[in-house]
Amino acid sequence: MTLEEKVHLVVGTGMAGFSGDSAVVGETKNLAPGAAGTTYPIPRLGIPAVVLADGPAGLRISPTRENDPDTYYCTHFPIGTLLASTWSQELVEKVGKAIGNEVLEYGADVLLAPALNIHRNPLCGRNFEYYSEDPVVSGKIAAAYVRGVQSNGVGTSIKHYAVNNQESNRMGVDARVSPRALREIYLKGFEITVKESAPWTVMSSYNCLNGIYTSESKELQTTLLRDEWGFAGMVMTDWFGGKDAVAQMEAGNDMLQPGTDKQYEAILQGVKEGKLNEAVLDRNVKRILEMILQTPRFKGYQYSNKPDLQAHADVTRQSATEGMILLKNDRETLPLAADIKNVALFGCTSYEFIAGGTGSGNVNRAYTVSLLDGLKNAGYGLNEKLKELYEQHIVAENERNQPDGSNKMTMFLPVPRPAELILPADILKEQAEQSDIALITLGRTSGEFVDRTLADFHLQKKEYTLLQSVCKTFHAAGKKVIVVLNIGGVIETASWKHLPDAILCAWQAG
């Protein structure tokens with residue numbers, strides 16, 4: 001390889017329209033449109049471009065393509081926190097196997113997942129992608145996920161290494177952590193995953209750790225990861241992560257994604273001027289080539305573009321069910337008794353279930369089953385008048401909350417949830433007379449780039465009013481009330497848990 005080819009290989013193929021000054025959700029139009037990025041091909045040596053694609057809850061690619069009548073929907077699997085709540089490594093491996101099959105059959109090579117950062121703060125916008133506040137749970141679940149995905153002959157990228165625990169100022173924050181806390185809490189999950197599942201790649205995080213960008217830290221990328229834990233794969237940056245390309249090369253951060261001309265020039269000049277030893281570049285190139293040699297694309301795999309989405313929907317349903325948590329269940333409210341026939345559905349989210357979070361953790365899926373549809377499918381009677389009231393209200397609210405399109409990042413940010421509909425007392429009374437039980441769904445959405453606020457952690461005034469009035473009316477009629485939490489991150493329950501008869505934390509089930 002020429003020096004120029006080596007440098008090209010350690011720098012991704014770029015991302016049109018973005019300078020690299022801020023974090024992005026990666027997107028390429030090549031090979032697998034909508035995937036996060038590709039590596040640099042060198043055709044004269046038979047080195048193909050390989051596809052790197054998001055993400056933790058399922059493969060994220062574009063569902064439609066120009067001049068193509070086919071669709072390329074993927075299965076949205078349950079969010080990471082829900083998977084960890086199953087406590088089942090066997091089940092998570094099964095989920096990983098299904099996700100990996102879609103990666104393979106849609107022509108991607110490496111899945112940029114799983115994400116296993118610690119839930120250090122309940123308000124982190126990306127907690128839905130992560131597993132737990134416990135490092136052992138995080139490591140064991142991530143290792144199972146990796147084994148499942150990689151059983152298909154495609155790779156994973158465990159992320160974000162390390163101490164990526166907030167979205168606010170994530171490219172500038174300096175996480176100060178003592179050596180003991182670092183090893184016992186923030187790194188332990190990564191160590192377990194590396195040792196128990198041998199992921200193909202690791203993705204370094206945006207933040208600094210004790211004053212040094214993680215992608216520029218030799219201690220993280222070489223001493224701990226390779227020398228101590230025995231990691232044999234390659235390391236890539238998060239999209240536009242880090243500042244100093246030469247320092248990243250020296251640290252052992254093999255590939256810079258999505259790559260910029262500035263990084264290419266810095267590494268090329270670094271070698272020519274003796275600031276970067278070419279042997280370091282060769283080492284990094286070797287690791288990238290070893291990864292490429294394993295990929296379906298290098299091996300000439302003829303992908304079908306037709307994974308078994310129905311079979312994967314069944315896996316999703318099973319894993320979703322096992323990860324839901326019953327927080328309260330007075331008087332055997334759940335499961336629903338045989339004599340329950342008609343259900344009154346309250347809360348905007350009952351009619352528009354939230355499949356998962358936004359940003360790179362989102363999946364372009366064909367459909368999401370609402371609670372309304374699910375209950376109908378199960379044979380329950382639902383009030384049409386109530387349904388119409390909610391549907392009109394949701395349309396109006398979604399229109400009100402529609403972003404104006406001035407910010408190109410808007411498409412990746414969470415859209416505000418519809419404000420709750422407060423129903424008059426006579427309609428509530430009528431619902432209590434006509435229904436056997438009330439179900440209220442409370443929803444929260446979150447995602448990359450922004451953390452949640454305390455207002456999002458607590459119930460909003462209208463939510464509390466809805467909860468109070470429904471419970472009061474239904475209890476007066478001798479009927480029970482169930483609250484379903486369709487959430488990606490935890491919310492406060494202490495102030496209102498006395499009101500309903502049962503509370504089901506359903507997380508976000510895909």
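The analysis underlying the following values was restricted to heavy atoms, covering all of them including side chains, and did not include hydrogens, waters or symmetry mates.
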S.K.: Pairing donors with acceptors under 3.5 angstrom, does anything connect the side chains of T349 and E352?
M.R.: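 Looking only at side-chain atoms, E352 and T349 do not form any donor-acceptor pair under 3.5 Å.
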S.K.: Is the shortest distance from a Lys or Arg side-chain nitrogen in R226 or D254 to a carboxylate oxygen in the other one below 4.0 Å?
M.R.: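 Looking at D254 together with R226, the answer is yes, because their closest N to O distance falls below 4.0 Å.
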S.K.: Say whether R297 and T38, considering side chains only, have a donor N or O and an acceptor N or O under 3.5 Å apart.
M.R.: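 Judged by distance alone, the side chains do not pair up.
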S.K.: Between the side chain of T193 and the main-chain N/O of G189, is any donor-acceptor distance below 3.5 Å?
M.R.: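 Checking the backbone N and O of G189 against the side chain of T193, a donor-acceptor pair under 3.5 Å is found.
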S.K.: Would you call E265 and K262 a salt bridge, taking side-chain N to carboxylate O under 4.0 Å as the test?
M.R.: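 Salt bridge absent between E265 and K262.
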S.K.: Could E184 and R180 be called an ion pair, given the rule that one side-chain N must be under 4.0 Å from one carboxylate O?
M.R.: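 Salt bridge flag = yes for R180 with E184.
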S.K.: Donor-acceptor pairs under 3.5 Å, side chain of residues 87-99 to any protein atom, not counting sequence neighbours: which ones?
M.R.:
unit_1 : atom_1 : unit_2 : atom_2 : d
S88    : OG     : L91    : N      : 3.0
E93    : OE1    : R147   : NE     : 3.2
K94    : NZ     : Q318   : OE1    : 2.9

S.K.: Looking only at the side chains, is there a donor atom on one of Q248 and S215 sitting less than 3.5 Å from an acceptor on the other?
M.R.: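 There is such a pair between these side chains.
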S.K.: When you compare the side chains of T358 and E448, does any donor N or O come within less than 3.5 Å of an acceptor on the partner?
M.R.: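 No donor-acceptor contact under 3.5 Å links the two side chains.
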S.K.: Going by the side chain to side chain contact (heavy atoms under 4.5 Å, CB included) test, name the single residue among V194, V202, N253, N117 that passes it with Y161.
M.R.: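 The residue from V194, V202, N253, N117 that satisfies side chain to side chain contact (heavy atoms under 4.5 Å, CB included) with Y161 turns out to be V202.
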S.K.: Between S157 and T201, do the side chains contain a donor N or O and an acceptor N or O under 3.5 Å apart?
M.R.: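 Per modelled atom types, T201 and S157 side chains form a pair under 3.5 Å.
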S.K.: Let me check something: any side-chain donor-acceptor pairs from residues 278-286 under 3.5 Å, sequence neighbours excluded? List them with distances.
M.R.:
unit_1 : atom_1 : unit_2 : atom_2 : d
E278   : OE2    : K6     : NZ     : 2.8
D282   : OD1    : K6     : NZ     : 2.8
R283   : NH2    : M249   : O      : 2.9
N284   : ND2    : M249   : O      : 3.1
K286   : NZ     : E290   : OE2    : 2.8

S.K.: Any sub-3.5 Å donor-acceptor pair from E129's side-chain atoms to G447's backbone N or O?
M.R.: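 It does not hold such a pair.
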S.K.: Under the rule for side chain to side chain donor-acceptor pair (under 3.5 Å), what residues qualify as partners of N486, not counting sequence neighbours?
M.R.: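 Not a single residue meets the side chain to side chain donor-acceptor pair (under 3.5 Å) criterion with N486.
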S.K.: Any chance you could lay out the side chain to side chain contact (heavy atoms under 4.5 Å, CB included) test for R287 and M255, step after step, and finish with the verdict?
M.R.: CA-CA 9 Å; R287 290 170 184 162; M255 184 188 286; over 6 Å; no
S.K.: Per the ring-ring contact (aromatic ring centres under 6.0 Å, His included) rule, what does the pair list look like for residues 242-297, sequence neighbours excluded?
M.R.: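 Output for this query lists H8-Y264.
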S.K.: Side chain to side chain donor-acceptor pair (under 3.5 Å) with N152: which residues, sequence neighbours excluded?
M.R.: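 Checked N152 against side chain to side chain donor-acceptor pair (under 3.5 Å); zero matches.
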S.K.: Within 45° of the axis and under 6.0 Å from the centre of the six-membered ring of Y130, does NZ or CZ of R120 qualify?
M.R.: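 So R120 doesn't make the cation-pi contact.
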S.K.: Quick one: side-chain contact (heavy atoms from CB on, under 4.5 Å) partners of I325, sequence neighbours excluded?
M.R.: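 By the side-chain contact (heavy atoms from CB on, under 4.5 Å) rule, I325 matches S85, L327, C505, W507.
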